[in-house]
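A short write-up of the structure that comes next.
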Amino acid sequence: MRTVALIASTLLLFACRGEAPAAAQQLDQVELDALIDSLIPSVERASGMTFKERPKAAVRTKEQVRTFLLAKLADELPPERLEGLSAAYRLLGLLPDTLDLGAMFVDLYTEQIAGFYEPDSLTLYAVGGSSPLALRGILSHELVHALQHQYIALDSILDNRDDADRLAAAQAVLEGQATLVMVLTLSPDPDVLANDDTWNLLRGQLSGPAEGLDVFNNAPTVIRTGLVFPYLEGASFVRSFMLQYPGQQPFGSLMPQSTEQILHPDRLTRNDAPIALRFDDDTTGVSFEDTFGEYEMLVLRSVLAGIAAIPTDVPLNWGGDRMRAYRTPDGPALVWYSVWDTQAGATNFADRVAAGLLKLKREGYRTTITELPIGPRAGVQVVIAPEAWARWKDLPRVKIND
């Protein structure tokens, strides 16, 4: 979910962990510039990249930043897309019917803001009144984004709204690298990332409840884990990448194309690229269309099983997927296709993940889960729609997008 990733980039989830709230302090431009200048050498050393030019920076009030970010939210998630996305995730049991998703995103935006990098203006913004440690952490993180933008087209990557899973993978690389650099900048131990035990301890700390973020801590699992994913799993991927490809950057041909490749870097090494699917009919009645991806399938599996943990160690053998939500007179309908690397992978998904959807009782609705070939691939079709939906007799189909 692109909007989840956007919100995640505005929340100080890590730098403030364990820190008592500090009294608000004024921050002027001179102080901000001095702090940035002091951080640049550490950021360059930890990232392996050198600034081609010093990034611009500006101080803003929390209210100014809030106004800007809410405008970005409206652009990222216009009402019609919000409607379709909410419908799809409700039908999958990932969001309660009573949740106002737009209002929750606003609450997440305004819960805590310390700073962010804005690609369009090439400017790093810091919020006056942030605690010194929090500000140092967020600036070291956001300086990495300014640095990344000098080497790759950051804005065009983040503006991709066609493939949420691919976008989540790219976001994980960007946020993961920034998180690692932030840890290396703040940690007194230069070997903090080299030791597996230390890294696993750090992962455990980062994955726990975030202090002072009540809205985040009480958000539905799919939202909360979506916020954490680019930081936590992204950092794990970049750490693995740094060990396997010393001196190289995870950009260009080495940038993962799916969350499967983020979770299982060997899939990137052996060029196990995602398979693109496309619906073969028009968009009449469509309110939402996107990919779901392996990571959100794992979240779905946990939610349907009623467990809080999201096990990611064993690959699902996901190949690709595409879903659509439709408006109908009797309520929204969802059609979701997925392809798999093996027939066993398709059967496992149908029997051990999607089958949980059959337990979600919704009056007047029918749910079907069907294994069927999609081109040369093993596939699974999931349909959740009103019994009276006219398209039950002629369900939308997909093809592999060659």
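Nothing fancy with the numbering, it's 1 onward along the sequence.
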Do [X] and [Y] sit within salt-bridge range, that is, some charged N less than 4.0 Å from a carboxylate O?
X: Glu76; Y: Arg81; answer: no
X: Asp281; Y: Arg391; answer: yes
X: Arg267; Y: Asp341; answer: yes
X: Arg54; Y: Asp33; answer: yes

State, yes or no, whether a side-chain contact exists between [X] and [Y] at a heavy-atom distance under 4.5 Å.
X: Arg362; Y: Leu91; value: yes
X: Thr185; Y: Val181; value: yes
X: Ile223; Y: Met104; value: yes

Ring centres of Phe116 and Phe68 under 6.0 Å apart?
-> yes

Are Trp389 and Tyr326 an aromatic pair by the rule of ring centers under 6.0 Å?
->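 That pair passes the under 6.0 Å test.
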
Given 3.5 Å as the limit, does a donor-acceptor pair link the side chain of [X] with the main chain of [Y], or not?
X: Thr259; Y: Gly293; value: no
X: Gln148; Y: Leu174; value: yes
X: Asp266; Y: Thr269; value: no
X: Ser140; Y: Gly137; value: yes
X: Tyr245; Y: Ser240; value: no
X: Arg377; Y: Val339; value: no
X: Glu289; Y: Asp162; value: no
X: Gln150; Y: Leu147; value: no
X: Asn218; Y: Asp214; value: yes
X: Asp280; Y: Lys399; value: no

Phe292 and Asp165: CA distance, side-chain angles, deciding distance, side chain to side chain contact (heavy atoms under 4.5 Å, CB included) verdict | CA-CA 6 Å; Phe292 202 64; Asp165 186 64; over 6 Å; no

Supply the atom-to-atom distance [X] [atom1] to [Y] [atom2], rounded to the nearest 0.5 angstrom.
X: Met182; Y: His141; atom1: CE; atom2: NE2; value: 6.5 Å
X: Ile374; Y: Leu372; atom1: CD1; atom2: CG; value: 5.5 Å
X: Thr225; Y: Leu298; atom1: OG1; atom2: CG; value: 10.0 Å
X: Thr367; Y: Ile384; atom1: OG1; atom2: CD1; value: 4.5 Å
X: Leu395; Y: Gln381; atom1: CG; atom2: CD; value: 5.5 Å
X: Tyr125; Y: Thr61; atom1: OH; atom2: OG1; value: 12.5 Å

Cation-pi between Arg397 and Phe279: NZ/CZ under 6.0 Å from ring centre and within 45° of the ring axis?
-> no

Cation over ring face, Arg322 and Trp336, 6.0 Å, 45° =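 No, Arg322 does not sit over the ring of Trp336.
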
Between Ser302 and Ala309, what is the shortest heavy-atom contact and its length?
-> OG-O, 2.6 Å

Testing Lys72, Lys56, His149 for side chain to side chain contact (heavy atoms under 4.5 Å, CB included) with Glu118, which one passes?
->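 Result for side chain to side chain contact (heavy atoms under 4.5 Å, CB included) with Glu118: Lys72.
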
Do [X] and [Y] meet the criterion of a side-chain donor-acceptor pair at a distance under 3.5 Å?
X: Glu294; Y: Gln261; value: no
X: Asp330; Y: Thr328; value: no
X: Asp321; Y: Thr291; value: no
X: Gln177; Y: Gln249; value: yes

Step by step, would you call Leu277 with Asn401 a side chain to side chain contact (heavy atoms under 4.5 Å, CB included)?
-> CA-CA 5 Å; Leu277 302 179; Asn401 194 16; over 6 Å; no

Criterion ring pair (Phe, Tyr, Trp, His ring centres under 6.0 Å) on Phe229 and Tyr295, from CA distance to verdict = CA-CA 9 Å; Phe229 174 82; Tyr295 182 69; 4.4 Å; yes

Please assess Met323 against Leu92 for the test side chain to side chain contact (heavy atoms under 4.5 Å, CB included), listing each intermediate value before the final yes or no.
-> CA-CA 11 Å; Met323 66 166 54; Leu92 292 171; 3.9 Å; yes

Determine, stepwise, if the pair Tyr117 / Leu154 fulfils side chain to side chain contact (heavy atoms under 4.5 Å, CB included).
-> CA-CA 11 Å; Tyr117 174 71; Leu154 199 63; 3.9 Å; yes

